[in-house]
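Reading through the structure tokens given below for one structure.
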Number of protein chains: 2
Amino acid sequence: MNKPIKPTESELEILAILWERGPSTVREIHEILERQKEAGYTTTLKLMQIMHEKGLVTRDASAKTHIYEAAVDRELTQRQLLNKMIDTVFKGSASQLVMQALGHHRSSPEELDMIRQYLNEMEKKQK
Amino acid sequence: MNKPIKPTESELEILAILWERGPSTVREIHEILERQKEAGYTTTLKLMQIMHEKGLVTRDASAKTHIYEAAVDRELTQRQLLNKMIDTVFKGSASQLVMQALGHHRSSPEELDMIRQYLNEMEKKQK
DNA sequence: CTGTTTGTACGAATATCTTCGTAAACGAAT
DNA sequence: ATTCGTTTACGAAGATATTCGTACAAACAG
């Protein structure tokens with residue numbers, strides 16, 4: 001079993017931005033981060049340096065302004081976080097999580113259709 | 001907006017047990033906890049005392065052996081954790097979370113049926 | 001070249017979480 | 001009453017996360 005990726009709250013916020021934008025400078029990340037929460041520039045910098053030490057991001061330091069990129073796979077991270085959550089908070093029942101998620105995060109009919117399709121495919125494959 | 005419930009990892013594990021068992025003593029919780037992870041008794045005790053300070057649990061201290069009970073609603077907590085996760089890690093798309101959850105946490109056909117039913121009901125109500 | 005801006009590095013203060021040792025209180029058994 | 005096992009209270013150490021000030025380097029403007 002691979003060691004689980006366990007980013008902290010703050011690290012996750014940065015990862016999310018990196019996943020969305022692709023390779024970015026500290027300043028770019030910082031500016032987006034600032035919209036969501038109060039933060040000093042060096043704070044963001046330090047966080048990203050730590051993430052680099054931990055291997056959560058890679059960086060290109062060839063130019064003066066370094067460019068950071070997510071080093072952990074988005075889907076893999078999502079999956080790990082979800083599984084942990086299912087285990088602890090939903091006593092192992094994924095469907096309970098699914099219903100809870102759908103119940104309170106108003107989804108469009110299109111999204112619901114997509115999920116329905118997905119369900120059908122899953123059932124086919126299971127045979 | 002109510003202040004979000006933000007239990008730590010360890011606190012969540014304890015809450016999960018309390019939700020499952022209902023009111024319990026420290027020893028009862030500790031014994032279950034021990035099956036999942038290494039932990040000293042006083043460690044569990046301290047955690048639950050802190051949770052009491054934070055208002056995550058209530059306790060009946062009338063007898064020598066105190067009895068603890070979850071003070072935060074299970075569904076509400078689940079919802080808040082999920083919403084946060086959807087926002088940060090799934091860029092706001094609940095359906096993406098749903099598919100990710102279903103895809104990797106093999107669910108039984110019964111569970112899938114339950115979800116399908118749930119989807120239908122949701123769509124009806126939305127009209 | 002000199003001063004200003006923009007960036008990284010580093011270290012330290014602070015906060016929060018986790019763990020556990022030790023002591024005191026209590027009840028039950030001898 | 002003394003002892004023994006169980007429980008709570010308290011405090012502190014260790015680990016991890018968060019925040020930011022300061023120093024130094026590079027690029028840039030004049």
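We use all heavy atoms of the structure for the numbers below, so side chains are in, but hydrogens, waters and symmetry mates are not. Letters A, B, ... are given to chains in the order of the sequence lines, protein chains preceding strands, and every chain is numbered from 1. No experiment lies behind these values; they were computed from the predicted model shown.
The side chain of B:V26 lies closest to D:dT8, out of C:dT8, D:dT8, D:dA25. Of the candidates C:dC20, D:dT6, D:dT18, C:dC20 carries the atom nearest the B:T43 side chain, counting heavy atoms from C-beta on. Distances from the side chain of B:L47 to the nucleotides C:dT18, D:dG21, D:dT6 place C:dT18 closest. With D:dA9, C:dC10, D:dA25 as the candidates, the nucleotide lying closest to the side chain of B:H66 is D:dA9. Among the nucleotides D:dG21, D:dT18, C:dT19, the one closest to any side-chain atom of A:E9 is D:dT18. For B:L45, the side-chain atoms get nearest to D:dT8 when compared with the rest of C:dG7, D:dT8, D:dC10.
Between B:Y41 and A:T65, the residue anchored closer to the 5' end of DNA chain C is A:T65, taking for each the nucleotide with the nearest heavy atom. The 5' end of DNA chain C is approached more closely, in terms of each residue's nearest nucleotide, by A:T25 than by the other of B:A39 and A:T25.
Between the base of C:dG11 and the side chain of A:K46 there is a donor-acceptor pair shorter than 3.5 Å.
For D:dT7, the OP1/OP2 oxygens have a side-chain nitrogen or oxygen of B:R27 closer than 4.0 Å.
The residue A:S10 sits close only to the backbone: its heavy atoms come under 4.0 Å of sugar-phosphate atoms, none of a base. Within 4.0 Å (heavy atoms only), B:T8 reaches sugar-phosphate atoms of the nucleic acid but no base atom.
Contacts between residues 48-59 of chain A and DNA chain C, counted as heavy-atom distances below 4.0 Å, involve A:Q49, A:R59.
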Working for side chain to side chain contact (heavy atoms under 4.5 Å, CB included), residues A:K6 and A:L81: CA-CA 8 Å; A:K6 232 194 81 180; A:L81 292 174; 5.9 Å; no

Verdict with supporting geometry, A:R21 and A:S24, side-chain hydrogen bond (donor to acceptor under 3.5 Å, both in side chains): CA-CA 7 Å; A:R21 293 193 79 256; A:S24 311; 2.7 Å; yes

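At distances below 3.5 Å, not a single donor-acceptor pair connects side-chain atoms of A:W19 with backbone N or O atoms of A:E75. Under a 3.5 Å cut-off, the side chain of A:T43 and the backbone N or O of A:A39 do not form any donor-acceptor pair.
Side-chain contact check for B:S10 and B:T8: no donor-acceptor pair (N or O, by modelled atom type) lies under 3.5 Å.
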